[in-house]
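See below for the structure under consideration.
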Amino acid sequence: MQSTFGIDPDDIIPISAKTGKGVEDVLEAIITRIPPPTGSPTAPLKTFLFDSSYDRYRGVISLVSVQEGILRKGDKIVSCHTRKKYEVTELGVMHPEEVPTDSLSAGQVGYIACNMKESSEAHIGDTMYRVGEPVEPLPGFQPAKAMVFAGVFPVDSSDFPKLEESIKRLTLTDRSVTVQRESSSALGQGCRLGFLGTLHMDVFRQRLEDEYDANIIITAPTVPYKLVYRDDKEVFVSNPTEFPETADTASKVKEIQEPVVKASIIVPEEYFGDMMDLCFSHRAEDLDHRYLDSGTASSSRIMLTCTIPLSEIVTNFFDQLKSRSSGFASFDYEAAGYKQSDLAKMTFLLNGQSVDALAIIVHRAAADKIAREWVKKLHKVIPRQLFEVPIQAAIGKKVLARETLSAMRADVTAGLYGGHYERKMKHLENQKEGKRKMKKMGKVDLPQEAFFDILSNKP
């Protein structure tokens with residue numbers, strides 16, 4: 001613990017909740033080690049909002065810490081971030097359940113209900129003050145920012161109103177999810193959702209399926225890319241369909257930047273080589289490591305730190321991390337800004353027609369490998385047609401990989417017995433000509449089940 005967290009062993013208090021040993025020492029340490037509140041009850045009101053929940057009858061219930069002044073029932077307060085005004089209808093302390101009181105003074109922590117209708121209005125870290133008595137907001141506040149985006153579509157297009165209502169209800173209790181309507185020619189109406197990370201996305205998807213019995217398709221997760229134009233204008237793009245064709249000479253994009261994160265992996269020493277290989281294969285840079293504890297070769301652990309693109313860890317990085325380390329590795333990351341990268345939009349064509357829902361953004365160094373994997377997977381899940389279907393992966397006008405789905409054929413020579421072989425050839429040529437005409441006019445419709453297979457198990 002000393003090497004991992006930098007804790008002085010003399011400061012650690014042995015405690016057992018079962019026997020009661022050390023409980024008095026912990027209470028004494030709370031009094032001596034944690035400084036008392038410094039706020040004055042006579043100063044202008046300043047409250048710190050640190051958590052919130054949603055109540056279907058009272059609206060948003062905010063947990064606040066009163067830094068200065070006194071907050072009373074009936075007070076009109078203002079948010080420093082949104083500038084919206086509210087009237088306090090109920091307040092109290094948590095003891096451990098809600099216990100209503102008449103006021104909260106400087107140094108107290110409690111809850112307030114103030115007719116706040118939507119959870120998105122309660123920003124963690126926001127400062128609230130009394131109307132007409134503005135104060136300096138507490139430092140360090142930053143609104144929640146979505147870093148992983150994915151499109152959510154119903155398997156049955158007629159279920160979209162129900163899906164939209166389910167998402168609205170879930171976002172009442174999860175204010176950090178951003179919602180935007182999206183339409184796809186292949187998947188129909190859906191929503192594009194923004195999440196704080198991959199775990200957040202998985203939990204939200206699981207809640208949609210468990211609590212609202214939603215049958216959904218989630219597109220490949222993407223991250224917000226920064227496009228820097230020649231006139232120095234910056235635009236953020238999270239949807240692959242809006243990503244420009246940078247290979248085009250008429251493109252005004254000067255450079256493309258992608259979000260990177262500073263990752264730390266703690267792993268037993270025997271898996272260190274596998275972790276290094278995993279990081280390098282996902283474009284990690286600035287790799288460094290240090291030993292956390294000294295012991296035998298089987299027990300010593302290593303902390304590996306590196307800078308890695310966020311797009312590399314939103315798909316299957318965590319699964320590979322756990323499988324290569326037999327479940328022993330732990331992984332954590334934090335945002336580290338943006339970095340220039342060589343990225344391109346990969347589109348998939350069926351019989352020459354682009355499928356917008358399958359578009360992905362890839363690094364050019366890995367484009368060939370990804371193109372071959374996705375094309376092979378599409379070849380497996382797309383049902384055969386009455387005509388030959390070429391399946392292609394392309395960046396701009398350059399085709400990187402191709403598979404051909406052979407046509408279903410009737411045995412046109414089954415009724416021919418004997419005679420000259422040209423009779424058979426004539427029937428086969430007629431069939432081939434019919435397939436050729438059909439290919440010109442034919443359109444491949446991807447069934448929703450095929451999308452589900454492709455996007456639920458990414459290559």
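In this text the structure is predicted, and so the values were computed from the model without any measurement.
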Q.
Could you measure the distance from the OG atom of Ser52 to the CG atom of Asp126? Nearest 0.5 Å is fine.
A. 11.0 Å
Q. Stepwise, does the salt bridge (Lys or Arg N to Asp or Glu O under 4.0 Å) test hold for Lys117 with Glu121?
A. CA-CA 8 Å; Lys117 302 297 182 188; Glu121 295 177 34; over 6 Å; no
Q | Heavy-atom check, side chain of Thr219 versus side chain of Phe153, under 4.5 Å | A | yes
(Q) Taking ring-ring contact (aromatic ring centres under 6.0 Å, His included) as the cut-off, I'd like each qualifying pair that reaches into residues 344-366, sequence neighbours left out, listed once. (A) Phe348-Trp374
**Q.** Step-by-step salt bridge (Lys or Arg N to Asp or Glu O under 4.0 Å) determination, Asp286 to Lys262
**A.** CA-CA 10 Å; Asp286 305 328; Lys262 190 168 179 57; over 6 Å; no
Q) Crowded around Gln320 CD? As in, over 12 foreign heavy atoms under 6.0 Å? A) yes
(Q) Strictly below 4.0 Å, N to O, side chains only: are Glu312 and Arg283 in salt-bridge contact? (A) yes
Q | Gap between atom CG of Asp159 and atom OG of Ser166 - 0.5 Å precision | A | 9.5 Å
Q: Decide yes or no on side chain to side chain contact (heavy atoms under 4.5 Å, CB included) for Leu310 and Met147, but give the supporting numbers first.
A: CA-CA 9 Å; Leu310 181 61; Met147 290 304 291; 3.7 Å; yes
Q.
Taking CG in Asp231 as the centre, count heavy atoms belonging to other residues, nucleotides or ligands within less than 6.0 Å. Is the count above 12?
A. yes
Q: Among residues two or more places apart or on two chains, list those pairs meeting side-chain hydrogen bond (donor to acceptor under 3.5 Å, both in side chains) that have a residue in residues 60-69.
A: Ser65-Gln67
**Q.** Flag side-chain contact, heavy atom, 4.5 Å: Ile256 against Phe243
**A.** yes
Q.
Contact between Leu227 and Pro244 at the side-chain level, heavy atoms closer than 4.5 Å - yes or no?
A. yes
Q) Any luck finding a side-chain donor-acceptor pair between Glu285 and Thr307 under 3.5 Å? A) no
Q. Would you call Glu209 and Arg205 a salt bridge, using N to O less than 4.0 angstrom?
A. yes
Q: Look at Glu164 together with Arg181 and state whether they make a salt bridge at an N to O cut-off of under 4.0 Å.
A: yes
**Q.** Leu278 versus Arg324, closest heavy-atom pair with distance
**A.** N-NH1, 3.6 Å
Q.
Can you give me the closest heavy-atom contact between Val135 and Pro44, atom names plus distance?
A. CG1-CB, 4.0 Å
Q.
Does any part of the side chain of Thr305, heavy atoms only, come nearer than 4.5 Å to the side chain of Ile265, both counted from C-beta?
A. no
Q: Hey, could you give me the CG/CG distance between Leu104 and Leu91, rounded to the nearest 0.5 Å?
A: 4.5 Å
Q.
If I compare all heavy atoms of Leu349 with all of Ala394, which pair ends up nearest, and what's the gap?
A. CD1-CB, 3.8 Å
Q.
Would you compute the distance between atom CZ of Arg290 and atom CZ of Arg301 and round it to the nearest 0.5 angstrom?
A. 10.0 Å
Q: Can you measure from OG1 (Thr82) to NE2 (His123) and round to the nearest 0.5 angstrom?
A: 6.0 Å
Q.
Show the nearest heavy-atom pair for residues Pro41 and Ala106, with the distance to one decimal.
A. N-CB, 4.1 Å
Q: Kindly indicate whether the side chain of Ile395, heavy atoms from C-beta on, has any atom under 4.5 Å from the side chain of Leu400.
A: yes
**Q.** ring pair (Phe, Tyr, Trp, His ring centres under 6.0 Å) evaluation trace for Tyr338 with Phe236
**A.** CA-CA 11 Å; Tyr338 278 78; Phe236 288 90; 5.7 Å; yes
Q. Looking just at side-chain N and O atoms, do Glu182 and Gln180 make a donor-acceptor pair shorter than 3.5 Å?
A. no
Q | Check: Tyr225 and Ser311 side chains under 4.5 Å, non-hydrogen atoms | A | yes
Q) With distance as the sole criterion, is a donor-acceptor pair present between the side chains of Tyr229 and Glu234 under 3.5 Å? A) no
Q | Approximate separation, where rounding is to 0.5 Å, of Asp156 CG and Ile217 CD1 | A | 10.0 Å
Q: Verify the neighbour count for atom NZ of Lys84: are there more than 12 heavy atoms of other residues, nucleotides or ligands below 6.0 Å?
A: no
Q. Are Arg169 and Glu165 ion-paired here, with the side-chain N under 4.0 Å from a carboxylate O?
A. yes
Q. With sequence neighbours left out, what residues match Thr241 under side-chain hydrogen bond (donor to acceptor under 3.5 Å, both in side chains)?
A. Asn239
Q. Between Glu269 and Tyr291, is a side-chain hydrogen bond (donor to acceptor under 3.5 Å, both in side chains) present by the stated rule, with each step listed?
A. CA-CA 9 Å; Glu269 189 180 30; Tyr291 283 82; 2.6 Å; yes
Q) For His81, does its backbone N or O pair with a side-chain atom of Ser79 as donor and acceptor, under 3.5 Å? A) yes
Q) Any donor-acceptor pair under 3.5 Å linking the side chain of Thr47 with the backbone of Met128? A) yes
Q: Apply side chain to side chain contact (heavy atoms under 4.5 Å, CB included) to the pair Tyr86 and Lys76, showing each step before the final yes or no.
A: CA-CA 6 Å; Tyr86 307 97; Lys76 288 184 169 60; over 6 Å; no
**Q.** Non-hydrogen atoms of Leu304 and His289 that approach each other most closely
**A.** CD1-CB, 4.1 Å
Q. Is the shortest heavy-atom distance from the side chain of Pro390 to the side chain of Asn351 under 4.5 Å?
A. yes
Q) Do NZ/NE/NH1/NH2 and the carboxylate oxygens of Glu90 and Arg58 come within less than 4.0 Å? A) yes
Q: In sequence, state the C-alpha distance, the side-chain angles, and the governing distance for Ile124 and Leu49, and then conclude on side chain to side chain contact (heavy atoms under 4.5 Å, CB included).
A: CA-CA 6 Å; Ile124 304 303; Leu49 193 155; 4.1 Å; yes
Q) Do the side chain of His379 and the main chain of Val375 share a donor and acceptor less than 3.5 angstrom apart? A) no
Q. Side chain of Lys46, backbone of Glu136: donor and acceptor closer than 3.5 Å?
A. yes
(Q) Given 3.5 Å as the limit, does a donor-acceptor pair link the side chain of Ser325 with the main chain of Tyr271, or not? (A) no
Q) Can the ring centres of Phe331 and Phe317 be said to be less than 6.0 Å apart? A) yes
Q: Under the side chain to side chain contact (heavy atoms under 4.5 Å, CB included) rule, what do Val155 and Ile216 come out as? Steps first, then yes or no, please.
A: CA-CA 5 Å; Val155 171; Ile216 56 173; 5.8 Å; no
Q: Could you go through the ring pair (Phe, Tyr, Trp, His ring centres under 6.0 Å) check for Phe204 and Phe195 one step at a time?
A: CA-CA 9 Å; Phe204 194 88; Phe195 305 95; 5.6 Å; yes
(Q) For the backbone of Ile370 and the side chain of Glu373, can you confirm whether one donor and one acceptor N or O come within less than 3.5 Å of each other? (A) no
(Q) To check you understand the geometry: which heavy-atom pair defines the closest contact between Leu321 and Ala329, and what is its length? (A) CG-CB, 4.0 Å
Q) With a 4.5 Å heavy-atom cut-off, do Val355 and Leu378 have their side chains touching? A) no
